[in-house]
Amino acid sequence: MTTVLCGVLAVGGCSSTESGNAQPSSTTDLSAATAALWDPCSQIPDSTLTSLDIDLASKRSGILGAEEPGWRICLWEENEFPPNYGISVASSVHTIAEVKAKPGNVDFAEITIAGRTGTQYRLSINDADEDCTIAFPTSTGFIQLGMLNVSSKSKSVPPCERLIPIAEAIVPLLPQ
């Protein structure tokens, strides 16, 4: 799970002098921007997760329990394949353009889920049957949903194939 998130977490520094969306340039600004982000751990109802066969007891916030500046991250495991499928939902102050520019993010494709257009991709350090991420732009940056397979048992279902039904239930909850 951490692998999926780490590829995007290093998308780049923030600056208010770059063209496009202004991003926080100081630690104080970044702290405030992070605090204002949509929080998947508290904004996705348990009933939605239960309907998707996601183990509510497996919920974790941050990366290895640590919060990451510029991010709000929540991770779960699936009931059917624990701990093989790792599911993450993260909101960020970064942009889709930064995701696309990040070396190691590959296989980009436009995808529409629940009427909302996003960008699907994966990390080059993983095989195509190991991870899938779908990111949706927001007014504050982007929100991504990720799926990581970590065993041969769960690889019977491709990660994007498993992530799409999850995204169809969660995307309507995402802020614009």
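The shown structure was predicted, so the numbers you read here are calculated from the model rather than taken from an experiment. Hydrogens, waters and symmetry mates are skipped; everything else that's a heavy atom, side chains included, is used.
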### Message
Could you check whether any side-chain heavy atom of P159 comes within less than 4.5 Å of a side-chain heavy atom of T133, counting everything from C-beta outward?
### Response
no
### Task
Please check if I96 and F108 belong to a single hydrophobic cluster, counting links between Ile, Leu, Val, Met, Phe, Trp and Tyr side chain heavy atoms closer than 4.5 Å.
yes
### Message
Taking the six-membered ring for Trp, are W38 and F142 closer than 6.0 Å centroid to centroid?
### Response
no
### Task
Would you indicate whether the side-chain heavy atoms of W71 and I63 approach each other to under 4.5 Å?
no
### Task
Flag the pair P40 / R72 as yes when at least one side-chain heavy-atom distance between them is below 4.5 Å, and no otherwise.
yes
### Message
How long is the straight-line distance from OG of S88 back to CD1 of I73, given to the nearest 0.5 Å?
### Response
8.0 Å
### Query
Just wondering, do Q144 and I134 contact through their side chains at under 4.5 Å, heavy atoms?
no
### Task
Would you mind reporting whether C74 and K59 have side-chain heavy atoms less than 4.5 Å apart?
yes
### Message
Run the side chain to side chain contact (heavy atoms under 4.5 Å, CB included) test on V93 and L37 for me, step by step, so that the C-alpha distance in whole Å, both residues' side-chain angles and the decisive distance to 0.1 Å come before the verdict.
### Response
CA-CA 8 Å; V93 299; L37 286 171; 4.0 Å; yes
### Message
Per the salt bridge (Lys or Arg N to Asp or Glu O under 4.0 Å) rule, what does the pair list look like for residues 112-126, sequence neighbours excluded?
### Response
D107-R122
### Query
Less than 4.5 Å apart, any side-chain heavy atom of Q120 and any of C160?
yes
### Query
Is the backbone of G115 close enough, under 3.5 Å, to the side chain of T112 for a donor and an acceptor to pair up by distance?
no
#### Entry: With S58 via side-chain hydrogen bond (donor to acceptor under 3.5 Å, both in side chains) - residues at least two apart
none
#### Entry: Donor-acceptor pair between E67 and S61 side chains, under 3.5 angstrom
yes
### Message
Whether the side chain of D55 engages the backbone of A57 through a donor-acceptor N/O pair (distance < 3.5 Å, no angle test) should be reported.
### Response
yes
### Query
With side chains defined as the heavy atoms from C-beta onward, is the minimum distance between E161 and M147 less than 4.5 Å?
no
### Query
Under 4.5 Å between side-chain heavy atoms, hopping through other hydrophobics if needed: is there a path connecting L145 to L56?
yes
### Message
For a side chain to side chain contact (heavy atoms under 4.5 Å, CB included) check, start with the C-alpha distance between I170 and V89, then their side-chain angles and the critical distance, and finish with the verdict.
### Response
CA-CA 9 Å; I170 293 175; V89 181; 4.3 Å; yes
## Note on the structure
Result for side chain to side chain contact (heavy atoms under 4.5 Å, CB included) between I113 and one of V171, L163, I166 points to V171
#### Entry: Full working for side chain to side chain contact (heavy atoms under 4.5 Å, CB included) between I54 and I87
CA-CA 8 Å; I54 293 173; I87 299 155; 3.7 Å; yes
### Task
Can you sort out the partners of S51 under side-chain hydrogen bond (donor to acceptor under 3.5 Å, both in side chains), two or more places apart, ordered by chain and number?
none
### Query
Can you check whether W76 reaches I44 side chain to side chain, under 4.5 Å on heavy atoms?
yes
### H94 vs V99, side chain to side chain contact (heavy atoms under 4.5 Å, CB included): CA-CA, chis, key distance, verdict
CA-CA 8 Å; H94 296 285; V99 170; 5.9 Å; no
